[in-house]
There are 2 protein chains.
Amino acid sequence: MAARAATLTDVAKEAGVSLATASRALNGSDRVVRAELHDRVLAAATRLGYSPNAQAQSMARGSTDLVGLLVNDIADPYFSTIAAGLANAAEEQGLLVMLCSTAGRPERELELLGALRRQRGRAIVIAGSRTSDRSHLRELSAQIDPFVSSGGRVVAISEPKLQVDTLVVDNRGGARELASEIAALGYRKPAILAGPEQLLVSQDRKAGFAEGWPSAEPVVVADEFSRDGGFRAMHRLLDSGAEVDCVFAINDLMALGAMAACRERDVDVPGDLAVAGFDDISTLRDVTPELTTVRLPLTEMGHMALDLVLGDRTVKPRRRKVRGEVVLRESTPAR
Amino acid sequence: MAARAATLTDVAKEAGVSLATASRALNGSDRVVRAELHDRVLAAATRLGYSPNAQAQSMARGSTDLVGLLVNDIADPYFSTIAAGLANAAEEQGLLVMLCSTAGRPERELELLGALRRQRGRAIVIAGSRTSDRSHLRELSAQIDPFVSSGGRVVAISEPKLQVDTLVVDNRGGARELASEIAALGYRKPAILAGPEQLLVSQDRKAGFAEGWPSAEPVVVADEFSRDGGFRAMHRLLDSGAEVDCVFAINDLMALGAMAACRERDVDVPGDLAVAGFDDISTLRDVTPELTTVRLPLTEMGHMALDLVLGDRTVKPRRRKVRGEVVLRESTPAR
DNA sequence: CTGAAAGCGCTAACAC
DNA sequence: GTGTTAGCGCTTTCAG
């Protein structure tokens, strides 16, 4: 019934003090309030079930305790792990995370970025891969630039395409190393299960793998950046009759789908075909055969992103490189 | 440099109109603004890179576009899938999700709930399981009650322990059915890998399974509610030498850990031991052997939670039951 | 140490 | 149609 939440004015009245005093007592201002009044205010606040209005506080103070997070799909373990790292780091600093998920539609990025900007968070973390779409990039910048020049901060976890601080994932290097390690195991005929053409992660990992492979040009099949995409891509690869002895799926989820497809077609992994992924998603560490992959420190990346975006701002667009570590497991045995 | 973001006043001045007109042009108020002025305002806004201040808007309007989400661990696929469903549903309604993750420390729930309350969101979704800790429950209520009675809305996805709208997951019924279906397959000596004693999910699923099992009392080993917990619990179960032909892990993650432990000890699943889980986490649908489990419509639950919490509020604490569906797969073949 | 009052950026009566 | 103005709940000078 009580349609209205208790305000600071209510508390002040209840405690018989001024608004200013109530404010000072409830939040550690530099001014000190006499112990007796202090207690009276606190008691009144409790009695009224008072909770400060964060919106009003940020208006008055001119700053918020929010940080925005923009991801492609929060259900994807890649992003949810980063989100977890970020949420923890944010919590340590007393910040709240505003979550936006484009649910796989990169067009939505713009709109959601706008929503995040309106919230006037201290910082915005953009965690999805960039695409090669130049006009989209321009539109993003049109949101980002005014936000930044009015004191907002933005960090991207991706390819360094935006003029903002960036946690640059070394996709290319990781894939290159993976390729050469797999080649060293004795494989000769590689295929790549790629994601959507415009996604830079996909391009970079694909290019890196090709670079790292000593001789043959890998066969490439592209599909969605998901378990189902990997499943379909693998089926198409098998249908094509291409002669292949190992498959690099652009991420673990696709690798998972690929292995499922192999199982369905009675292709033995790794007997008939070796499979490798990228990311090292933790829930996938127990699949059989254990998946060779490139480990990314996802949780830590969440932390790092916040550190970067909240850190010293003297240098303008700062880059921080994140390297992956090749983890060879059962799915790519030595031949 | 420009330390200040453009305000509506700036835009109005730039366009040579009044504040009110600028406001009306930028947001579809019921008042109509003459086309020419309208365009002038829009142009000015673009020129200035204007973005409305959501905080100020909510203050003036007296309502926000926020919904809070409180989870135990956003990296856990159970929660991230619910979060994805919720985020999508929220987006459809033009709402933003504020995410808080207790990171496995239920004590933090209180504090985070307070933070969410301060934000004055339209609604708060509490997605973690309740515990049997009565004093904690009371403290939660102390936060929730004033929020609700001042017009806020709260929905829990869990056991109906809080006096708020609740999406009640039928853990007990699901586990009961699972037990009887597994028993019908010919198993005789069950064990349960449970989670922390105080967590009601764990209690309910355990009790349900025991109820559904026709004869023997299942052996119970408890550990953390995670992959590693399942791993350790299974090792302890095997160490104990208990004679067991099937294991019910209280959730899929624990089941995953349990299977990993079996692999390590050369216990064949399902040859030597059948394993079942609960939740039907999507990334785990491809593990081998395929895991028998109870499927929960997690994404949909996110949607439902928002519907429930935003829906008609005439009836006070409403309950909506979510039933799981037993999915028998390779990990529990007929004997 | 305490109180009065001026905003923070915006919306929504209320006038014209 | 458009403009004026009074708040929304809080912090923070500025006086006392």
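Below, chain A is the first sequence line, B the second, and so on; all start at residue 1.
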Task: Rounded interatomic separation in angstrom, taking CG from A/Asn53 and C1' from C/dC8 - done: 13 Å
TODO: Round to a whole Å and report the spacing from CE of A/Met59 to C1' of D/dT12.
DONE: 14 Å
Task: Under 4.0 angstrom between B/Asn27 side-chain N/O and C/dT11 OP1 or OP2 - done: yes
Task: Reading 5' to 3' through nucleotides 1-6 of chain C, protein heavy-atom contacts under 4.0 Å coded B for base, S for sugar-phosphate only, - for none - done: SBBB--
Task: Sidechain N-carboxylate O distance under 4.0 Å for B/Lys161, B/Glu159 - done: no
Task: Phosphate OP1/OP2 of C/dC10: any B/Gln57 side-chain N/O under 4.0 Å - done: no
Open item on the list: Are there over 12 heavy-atom neighbours, none belonging to A/Gln198, within less than 6.0 Å of that residue's CD?
Closed with: yes
- [ ] Quickly work out the A/Gln55 CD to D/dC10 C1' distance and round it to whole Å.
- [x] 12 Å
Task: A/Arg61 CZ to C/dG9 P, straight-line distance once rounded to whole Å - done: 16 Å
Task: Interatomic distance where CG belongs to B/Leu26 and P belongs to C/dT11 [whole Å] - done: 8 Å
Task: Rounded distance (Å) that lies between atom P of C/dC10 and atom CZ of A/Arg120 - done: 7 Å
Task: Interatomic distance, B/Arg4 CZ vs C/dC8 C1' [rounded to whole Å] - done: 11 Å
Task: B/Arg117 CZ - D/dG9 P separation (whole Å) - done: 15 Å
Open item on the list: Quiz question: by atom type and distance under 3.5 Å, do the side chains of A/Arg120 and B/Gln55 form a donor-acceptor pair?
Closed with: no
Open item on the list: Counting C-beta onward and ignoring hydrogens, is there a side-chain heavy-atom pair between B/Arg117 and B/Pro146 closer than 4.5 Å?
Closed with: yes
Open item on the list: Could you report the tightest heavy-atom contact between A/Val17 and A/Ala22, atom names first, then the distance?
Closed with: CG2-N, 4.1 Å
Task: Qualifying residue, where the test is side-chain hydrogen bond (donor to acceptor under 3.5 Å, both in side chains) with A/Arg318 and the options are A/Asp165, A/Asp312, A/Thr166 - done: A/Asp165
